[in-house]
Amino acid sequence: MGSDAHPNNGLELGYARVSTTKQSLERQLDALTAQGIPDERIFVDKKTGASVEREGLQRLLAYARSGDVIVLHTLDRLGRNLREVLNLVHELAERGTGVRTLADPLPINTADAGMARVAFLLLALFAEMERIFTAERAAHARSVAEAKGKHVGRPIAHPAAKIDYARLLKAEGDSLAQIAAKTGIPKTSLHRYLSSPSRDV
């Protein structure tokens, strides 16, 4: 797939990408073929690279001319993150190459004016909003867990003086449950602290 010959301008070029070798390109390729794009004008990447430096994408970018339109199943196939996609779409626009998607909630066609630009900006906004919402959900989960007395994240280091107090209570015959109640140190940590005579915990 992906021919080196470019017979004329104004072509539709297909691009498909999967991020792992276990994913299938079939759905993307079927959608591109259904648009009338021949195999020799469909470029494919089967693995995700560290950046946009992917062989299929690079061949596509070298092949595309002003007036061509790159057709994708969804916009996220063009890059690994929002910034990468936006930068690439901007670069293509400066070269006079359009981008059209087939299955996004708001299909994009940067070759059009007006609503296409609005749709693209909305999708970018939605992606940013989802990132913010994800961070907010994680923060809420942490606050709920902490309110219930659960620690989320790395284990808390307890002061040496409190550990010494726990060892004293153990020497006096207190049970782990009693020591945990008096010191506020979880039983799982007490097992580790009380099995070692050193303060280096």
Side-chain angles (χ1 to χ4, degrees), residues 1-140:
M1 292 184 180
S3 170
D4 292 332
H6 195 301
N8 56 292
N9 292 337
L11 298 177
E12 286 199 331
L13 313 174
Y15 179 65
R17 176 178 68 85
V18 288
S19 58
T20 71
T21 55
K22 293 181 181 179
Q23 292 178 329
S24 171
L25 286 166
E26 185 175 348
R27 182 175 64 165
Q28 295 178 55
L29 296 176
D30 285 348
L32 294 172
T33 301
Q35 295 296 306
I37 303 173
D39 285 353
E40 62 268 19
R41 295 208 304 267
I42 296 176
F43 298 78
V44 173
D45 278 309
K46 294 183 179 179
K47 292 183 180 179
T48 297
S51 67
V52 292
E53 299 297 328
R54 296 185 292 271
E55 182 182 351
L57 179 62
Q58 292 307 311
R59 287 194 298 109
L60 169 63
L61 296 176
Y63 182 84
R65 302 287 186 270
S66 178
D68 291 347
V69 175
I70 295 172
V71 183
L72 310 149
H73 190 252
T74 53
L75 191 63
D76 60 6
R77 298 301 83 204
L78 198 57
R80 300 194 333 159
N81 54 58
L82 179 61
R83 181 186 296 275
E84 191 174 275
V85 171
L86 291 175
N87 286 343
L88 193 48
V89 170
H90 179 70
E91 176 189 330
L92 290 167
E94 288 187 332
R95 292 169 45 175
T97 303
V99 174
R100 180 165 73 89
T101 66
L102 304 175
D104 278 317
L106 293 170
I108 292 167
N109 187 347
T110 61
D112 289 345
M115 284 306 297
R117 181 174 294 274
V118 173
F120 182 76
L121 293 174
L122 282 174
L123 280 175
L125 176 62
F126 293 160
E128 179 66 8
M129 288 168 63
E130 179 56 27
R131 183 191 68 78
I132 294 170
F133 292 160
T134 299
E136 288 177 346
R137 286 193 293 268
H140 176 69

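Numbering of residues begins at 1 and proceeds along the displayed sequence.
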Peer 1: Please find the pair of heavy atoms, one from Arg77 and one from Tyr15, that lie closest to each other, and give the distance.
Peer 2: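 Result for this residue pair: O-CE2, 3.4 Å.
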
Peer 1: Could you go through Val18 and Val44, starting from their C-alpha distance and side-chain angles, then the distance that decides it, and tell me whether this counts as side-chain contact (heavy atoms from CB on, under 4.5 Å)?
Peer 2: CA-CA 9 Å; Val18 288; Val44 173; over 6 Å; no

Peer 1: Could you give the distance from CZ (Arg41) to CG (Asp39), rounded to the nearest 0.5 Å?
Peer 2: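 Here the interatomic distance stands at 10.5 Å.
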
Peer 1: For Glu26, enumerate each residue passing the side chain to side chain contact (heavy atoms under 4.5 Å, CB included) test, keeping only those at least two apart in sequence or located in another chain.
Peer 2: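 Result, side chain to side chain contact (heavy atoms under 4.5 Å, CB included) vs Glu26: Ser24, Asp30.
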
Peer 1: May I ask you to decide if Arg17's main-chain N or O and Asp45's side chain share a donor-acceptor pair within less than 3.5 Å?
Peer 2: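 No; judged by distance alone, with no hydrogens or angles, the pair does not exist.
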
Peer 1: Rounded to the nearest 0.5 Å, what separation is found between the CG atom of Asp68 and the OH atom of Tyr63?
Peer 2: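 Spacing of CG (Asp68) from OH (Tyr63) equals 7.5 Å.
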
Peer 1: Tell me the closest heavy-atom pair linking Leu32 and Ala16, and the distance in Å.
Peer 2: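 Looking at all heavy atoms of both residues, the shortest contact is CD1-CB, 4.3 Å.
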
Peer 1: Quick one: CG on Leu92 to NE2 on His90, what's the gap to the nearest 0.5 Å?
Peer 2: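 If we round to the nearest 0.5 Å, Leu92:CG and His90:NE2 are 10.5 Å apart.
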
Peer 1: Roughly how far, to the nearest 0.5 Å, is the CG atom of Leu60 from the CG atom of Leu78?
Peer 2: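 Leu78 CG to Leu60 CG: 8.5 Å, rounded to 0.5 Å.
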
Peer 1: Please report the interatomic distance CD1(Ile42) to CG(Leu25), rounded to the nearest 0.5 Å.
Peer 2: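 So the CD1 of Ile42 and the CG of Leu25 are separated by 10.5 Å.
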
Peer 1: Hey, could you give me the CG/CG distance between Leu13 and Leu72, rounded to the nearest 0.5 Å?
Peer 2: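 Taking CG in Leu13 and CG in Leu72, the distance rounds to 10.5 Å.
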
Peer 1: Please set out all donor-acceptor pairs under 3.5 angstrom arising from side-chain atoms of residues 95-104, sequence neighbours excluded.
Peer 2:
| from | atom 1 | to | atom 2 | distance (Å) |
| --- | --- | --- | --- | --- |
| Arg95 | NH2 | Leu61 | O | 2.5 |
| Arg95 | NH2 | Ala64 | O | 3.4 |
| Thr97 | OG1 | Arg65 | O | 3.2 |
| Arg100 | NE | Glu12 | OE2 | 3.2 |
| Arg100 | NH1 | Gln35 | OE1 | 3.3 |
| Arg100 | NH2 | Glu12 | OE1 | 3.1 |
| Arg100 | NH2 | Glu12 | OE2 | 2.8 |
| Arg100 | NH2 | Gln35 | OE1 | 3.3 |
| Thr101 | OG1 | Asp104 | OD2 | 3.1 |
| Thr101 | OG1 | Ile108 | N | 2.9 |
| Asp104 | OD2 | Leu75 | N | 3.0 |

Peer 1: Sequence neighbours excluded, which residues qualify as side-chain hydrogen bond (donor to acceptor under 3.5 Å, both in side chains) partners of Thr74?
Peer 2: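 Once residues adjacent in sequence are excluded, the partners of Thr74 under the side-chain hydrogen bond (donor to acceptor under 3.5 Å, both in side chains) criterion are Asp76.
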
